[in-house]
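Numbers restart at 1 for each chain; the letters A, B, ... are given by sequence-line order, proteins then strands.
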Protein chains: 4
Amino acid sequence: MHAEEPIRPVRAKRLPRAVRERQILDAAVAVFSRLGFHAASMDEISEVAGISKPMLYAYLGSKEDLFATCIRREATLMIEAIGDGVRPGEAPDVQLWCGLRAFFGFVGEHRASWQVLHRQASSQGGPFAQELADMRGRAISLVAALLMHSADSQGVGHASRDTEGLAAALVGAGESLADWWLDHPEESAAAVASRLMNLVWMGFGDLVEGRVWHPPAKG
Amino acid sequence: MHAEEPIRPVRAKRLPRAVRERQILDAAVAVFSRLGFHAASMDEISEVAGISKPMLYAYLGSKEDLFATCIRREATLMIEAIGDGVRPGEAPDVQLWCGLRAFFGFVGEHRASWQVLHRQASSQGGPFAQELADMRGRAISLVAALLMHSADSQGVGHASRDTEGLAAALVGAGESLADWWLDHPEESAAAVASRLMNLVWMGFGDLVEGRVWHPPAKG
Amino acid sequence: MHAEEPIRPVRAKRLPRAVRERQILDAAVAVFSRLGFHAASMDEISEVAGISKPMLYAYLGSKEDLFATCIRREATLMIEAIGDGVRPGEAPDVQLWCGLRAFFGFVGEHRASWQVLHRQASSQGGPFAQELADMRGRAISLVAALLMHSADSQGVGHASRDTEGLAAALVGAGESLADWWLDHPEESAAAVASRLMNLVWMGFGDLVEGRVWHPPAKG
Amino acid sequence: MHAEEPIRPVRAKRLPRAVRERQILDAAVAVFSRLGFHAASMDEISEVAGISKPMLYAYLGSKEDLFATCIRREATLMIEAIGDGVRPGEAPDVQLWCGLRAFFGFVGEHRASWQVLHRQASSQGGPFAQELADMRGRAISLVAALLMHSADSQGVGHASRDTEGLAAALVGAGESLADWWLDHPEESAAAVASRLMNLVWMGFGDLVEGRVWHPPAKG
DNA sequence: GATGAATGAGTCTTCATTCAT
DNA sequence: TATGAATGAAGACTCATTCAT
């Protein structure tokens, strides 16, 4: 653990607290995103961060604290990125598209952040799981509001429940597409966003306008 | 869910191997789905299964082996359930709908199975993650084939890459909707499947027919 | 830790649970009495007991649990020893003497037990400290009752508060004398008990009969 | 208790060494008496003292050094207090009484000091334990000398050994009574001292004059 | 075949102690 | 002088895994 890789963070001694904290959080996000909460060890995190474990604990508390801090930081980053991308005054479809574009942009640029957030969102257990579920719920509600707004503006009244289901589907589609995109990164974030818009927005438009798909008569 | 009514672990001694194995796997799926891979302990699994740990190891090998076996069994069940629901000769949309209906039906009836498969599919690390990713990849390819087939039959040539992305989105949408549905179980599996069809198939149809959504001129 | 002392408890494998438990408790009492609660380490205890730490935890729970169990066992032993020595029907002085004799007898035969009980009774902190304090309190009350009974039988009415203070003094005298005796073990338990009786009982008799000591006029 | 009103750790920089040291020792005594040696942490002590840890170490050395210094200071204080109370020329009983009165007076006014001395005196381990034991031994010898002197002056020759045992008992009685008194502080120090005198001195007088208590003939 | 008993290895966490500024 | 920053070493506790009966 010593002589084996003297290359990494030069064990730069005596950094100011804020810098060290960022350093540690970066390392923690990297390790958590690679291994998940349980499999990640404080030993490895401290090693990657280039500090000793006592510092890790002094700065960021227990493993759970550290993880929560990571998640909060990454979530904030992502929310800000999306918030920055959205144009509040525009039509719902444009807003959604901007949001998606910003989302894919963020995912493309912060793989590790996205993975910590997404991988752990599923993995139940721990107090953060709930927090992440809540966050996801808020995203779904936001999208649902956009859909609703769009439908309303076309004079159609859907039950909100319906809309939430659709929003959940859309969010899931976005997540899944994001993962897929990371493995097939041929397109730009904007292109992927467009793709999802085409799949979903058009279908939603059809729905709103009453063009629906029907299962075959005899099921 | 089937994990919850095994042969009632009466500590019945000297059961035939196959029965014992099923008993153990049922217990393991229950525990894994409740706690996730890492947090689940062999102690708890053996206790829930009503056997001693040495037997657990004798029958199903290491924890990783056991988990892999669980996943394979549940995946097979799910694949079979979907395969049984699909009607090969039908039109692509009907096939897709049947598949979705079968999928939601399975999820509704086998919560634990679904959770082991889905929750852990993300949580990377371990060798099984790859297996699950592969499985998911196959599902995506299958859906992509359906989409392709449908497009072809309408005389349109899309790059397969495009179609795979859409398929990934669709699969993700299905997963997400499934999770959402488990928390809001007001509708039947068929209804949820219809919902997703409406969202996606119509949009796909538009796409195929050239009605596309365009981002606003100045991005 | 392996090759360094292959002599101790022959690592006798596969002992029945009850035996192991006693073995462990004996070791724990030895270590706790030598080092005190905090300085004792579970590592050392398990080593002295000739088992691995997991067994230690499996059998006796956490360090606090283990310590509590030790204390309870030793306290029970001591209480039983004293209870066996006392003759309920006799005169108060005889009862007290019997009790003291039994007490010193126990201390002489179970040095470690006595040290765990006494050393830790003072050392505050932990939940057991309270328990031990209570136990000591009961001993004091018991002695106070004897004194009271004796005084009553001589027709003298003292405030109970007074008597409790005397009893506390007597108990402390006993403890201190016990420690001193362990370092100067020339006499028998009975002789030491007699010594304490002589010091205390006679004085108490004087007190009861009104022969009191007065501080010099001008303090 | 003096530990509770130090120069109010205003983080006043550049204090003369002696003042700083007193400040630190006050804090250390407070913490040690509250938590015991092991549970006390240098972090907490330095915080209570209002200085940084490096200063703590610079001024008073290791934790053990610090503890030893605490004990020595408190012991010295107590010895001085008792020495000041005693009147060398007086009769043995008066001397003893003065000593006891001074002792209880000290305990009443310096709870923390007394607790560090007494609580830790038992908890063996560490080099200070020996020191404390020695100190206690000196107290016992002192008392023994007084008893002896008194006996001599009445023309009775007891083995010193005997007297030392009695002295040990007396000292223990004093300690125990002190603890009890701290929990039932209804009387003045002088009154408690009188109480102990009455219990012990009278008994000792009887002893000296040959009135002894005899165990019952049989058993 | 079945299990109570056993453990090596590892995890999180803290503490006394010391540089480098 | 005074301290924020840093760490080696250890301690409590758990888990996957395997004998010996």
Side-chain angles (χ1 to χ4, degrees), chain A residues 1-2 11-17 19-21 38-46 50-59 61-66, chain B residues 11-17 20 38-46 50-59 61-66, chain C residues 1-2 11-17 19-21 38-46 50-59 61-66, chain D residues 11-17 20 38-46 50-59 61-66:
Chain A
M1 309 271 173
H2 252 222
R11 288 260 167 192
K13 311 253 177 189
R14 315 229 97 234
L15 292 182
R17 176 161 191 140
V19 177
R20 265 282 136 93
E21 250 173 26
H38 271 104
S41 87
M42 294 299 262
D43 264 303
E44 175 155 6
I45 291 173
S46 75
I51 56 157
S52 65
K53 268 197 295 178
M55 279 290 93
L56 190 52
Y57 279 89
Y59 282 152
S62 74
K63 191 184 184 186
E64 287 208 353
D65 290 346
L66 173 58
Chain B
R11 289 255 167 199
K13 316 245 175 188
R14 316 213 132 250
L15 292 180
R17 174 154 192 143
R20 264 281 142 93
H38 272 102
S41 85
M42 295 299 264
D43 263 302
E44 177 157 3
I45 292 173
S46 76
I51 58 159
S52 66
K53 272 197 294 178
M55 279 295 96
L56 187 53
Y57 279 87
Y59 278 133
S62 75
K63 192 185 184 184
E64 288 206 352
D65 291 345
L66 173 58
Chain C
M1 306 274 172
H2 252 221
R11 288 259 167 192
K13 312 251 177 191
R14 318 229 95 237
L15 293 181
R17 176 162 190 138
V19 177
R20 266 281 137 93
E21 249 171 27
H38 271 105
S41 86
M42 294 298 264
D43 265 303
E44 174 155 7
I45 292 174
S46 74
I51 57 159
S52 65
K53 263 196 298 179
M55 279 289 94
L56 191 51
Y57 280 89
Y59 282 150
S62 73
K63 192 184 183 184
E64 286 208 353
D65 289 346
L66 173 58
Chain D
R11 289 253 168 203
K13 316 244 172 186
R14 315 212 131 252
L15 294 179
R17 173 154 193 142
R20 264 280 142 91
H38 272 103
S41 84
M42 294 299 263
D43 262 304
E44 177 157 3
I45 291 173
S46 76
I51 58 158
S52 67
K53 274 197 292 177
M55 280 294 95
L56 187 52
Y57 279 87
Y59 278 131
S62 75
K63 192 185 185 186
E64 288 205 353
D65 291 344
L66 172 58

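Across the protein-nucleic acid pair, D:Lys53 atom NZ and E:dC19 atom P stand 14 Å apart, rounded to whole Å. Taking atom NZ on D:Lys63 and atom C1' on F:dA9, their separation rounds to 15 Å, with Å as the unit. Separating the CE atom of B:Met42 from the P atom of E:dA6 is a distance of 21 Å, rounded to the nearest angstrom. Atom pair C:Leu66:CG and F:dA12:P shows a separation of 11 Å (rounding to whole Å applied). Between the P atom of F:dT3 and the CE atom of D:Met55 lies a distance of 7 Å, rounded to the nearest Å. The separation between B:Leu56 atom CG and F:dT18 atom P is 12 Å, rounded to whole Å. To the nearest angstrom, P of F:dA12 lies 11 Å from NE2 of D:His38. For the pair D:Tyr57 OH and F:dT1 C1', the interatomic distance rounds to 19 Å; values are reported in whole Å.
Each of B:Pro54 and C:Ser62 was assigned the nucleotide of DNA chain F with the nearest heavy atom; the assignment lying further toward the 5' end belongs to C:Ser62. Mapping C:Ala58 and D:Asp43 onto DNA chain E by nearest heavy atom places C:Ala58 at the nucleotide closer to the 5' end.
Smallest separation of non-hydrogen atoms from D:Gly61 and D:Met42: O-CE, 4.2 Å. A:Ser46 and A:Ser52 get closest at one heavy-atom pair: CB-C, 4.1 Å.
For D:Tyr59, taking side-chain heavy atoms from C-beta onward, the closest of the listed nucleotides E:dT7, F:dA2, E:dT3 is F:dA2.
Between atom NZ of residue B:Lys53 and atom CD1 of residue B:Ile45 there is a gap of 11.0 Å, rounded to the nearest 0.5 Å. In this structure, the separation between CZ on A:Arg20 and CD1 on A:Ile51 is 6.5 Å, given to the nearest 0.5 Å. Taken to the nearest 0.5 Å, the CG atom of C:Leu56 stands 11.0 Å off from the NZ atom of C:Lys63.
Within the 4.0 angstrom heavy-atom criterion, no nucleotide atom of any strand lies near D:Ala39.
Across all strands shown, F:dT17 forms a Watson-Crick or G-U wobble pair with E:dA6, both key distances being under 3.5 Å.
Within the 4.0 Å cut-off from OP1 or OP2 of E:dA6, at least one side-chain nitrogen or oxygen of C:Arg20 is found. The side chain of B:Arg17 contributes no N or O atom lying less than 4.0 Å from OP1 or OP2 of E:dG1.
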